[in-house]
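Chain A is the first sequence line, chain B the second, and so forth, proteins listed ahead of strands; every chain is numbered from 1.
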Amino acid sequence: MLEHGPGAIHYPRWLDAAAQERLAFEIAAAIARAPLFVSRLPKSGLPMSVRMTNCGPLGWMSDKDRGYRYEPAHPETGTPWPPIPSMLLDAWAALTGYPKPPEACLINVYSDNAKMGLHQDRDESDFDAPILSLSLGADCRFRLGGQKRGDKTVAFTLSGGDALVLSGPARRFFHGVDRILPSILTPLPQQLAGLGARVNLTLRRVT
DNA sequence: AAGTAGCC
DNA sequence: TCGC
């Protein structure tokens, strides 16, 4: 367990290899029902480099005209998001202790050259609930800042099987992914191989 | 600016 | 490559 800031708790290798395989199987099934899509930045319409989908009652997305938001259904198929796998609900309970279950699980798929700019998670109403992030596949250089964009940042590596909880002050901290590290020795489990180099799952309360 | 480029 |  490593604390990278007040409320930012990193659990390296929280999932063992067998658990990562089981999770990959569940996520591959979710992607089969809710295909990956590309969100676009508000106003500019520039595409994000990650491909994403969701499971749970609500899913995060963005497009040029309507911007960042949560939706109950897939933007292309119109179908409700598939349920959050039970092992993720268990992970949420074990790692956050929060009394209510997560309402959204964003599935972000990173290719070798995908990035995620520094941002705050601020499209939710519930800022008391922690955020739980689980990683699969390639390592990434993750950057964590403070509550203001200009605050100093720290960078560390997130690896497959790692969990990161952002609670308390860290719930509002800026964060992003600088780059994906070489993935030859840390491939995604077979069930997700071919989709990308790294998969990140972000569980949140929304309402 | 949940992006991209450029420079140190 | 990293951090601005």
Notebook entry, point to check: Are OP1 or OP2 of B:dA2 and a side-chain N or O of A:R149 less than 4.0 angstrom apart?
Noted result: yes
Check: Could you give the NE2-to-C1' distance, from A:H119 to B:dA2, as a whole number of Å?
Finding: 5 Å
Next item on the list: Rounded to the nearest angstrom, tell me the gap between atom CZ in A:R122 and atom P in B:dA1.
Entry: 9 Å
Notebook entry, point to check: Taking atom P of B:dA2 as reference, at what distance in whole Å does atom OH of A:Y70 sit?
Noted result: 14 Å
Next item on the list: Would you indicate whether the side-chain heavy atoms of A:R198 and A:L188 approach each other to under 4.5 Å?
Entry: no
Next item on the list: In plain terms, say whether A:R122 and A:E124 are close enough for a salt bridge, that is, a side-chain N and a carboxylate O under 4.0 Å apart.
Entry: no
Notebook entry, point to check: Rounded to the nearest Å, what distance is computed from the CZ atom of residue A:F142 to the P atom of nucleotide C:dT1?
Noted result: 20 Å
Next item on the list: May I ask you to evaluate whether A:R179 reaches the phosphate of C:dC2, defined as a side-chain N or O under 4.0 Å from OP1 or OP2?
Entry: yes
Next item on the list: Calculate the interatomic distance between A:D178 atom CG and C:dT1 atom P; express it in whole Å.
Entry: 12 Å
Notebook entry, point to check: Does the cation-pi check pass for A:R51 over A:F37, that is, NZ or CZ under 6.0 Å from the six-membered ring centre and within 45° of its axis?
Noted result: no
Checklist line | For C:dC4, the Watson-Crick or wobble counterpart (both distances under 3.5 Å) | finding: B:dG6
Item checked: Shortest non-hydrogen contact from A:A114 toward A:V50 -> CB-CG1, 4.2 Å
Notebook entry, point to check: What nucleotide among B:dG3, B:dA2, C:dC4 has an atom nearest to a side-chain atom of A:R204?
Noted result: B:dA2
Next item on the list: Write down the distance separating the P atoms in B:dT4 and B:dC8, rounded off to the nearest Å.
Entry: 23 Å
Check: Rounded to the nearest Å, what distance is computed from the NZ atom of residue A:K43 to the C1' atom of nucleotide B:dA2?
Finding: 14 Å
Next item on the list: Write down the distance between CE (A:M48) and P (B:dT4), rounded to a whole number of angstrom.
Entry: 9 Å
Margin query: In whole Å, I'd like the distance from the CZ atom of A:F173 to the C1' atom of B:dA2.
Written below: 18 Å
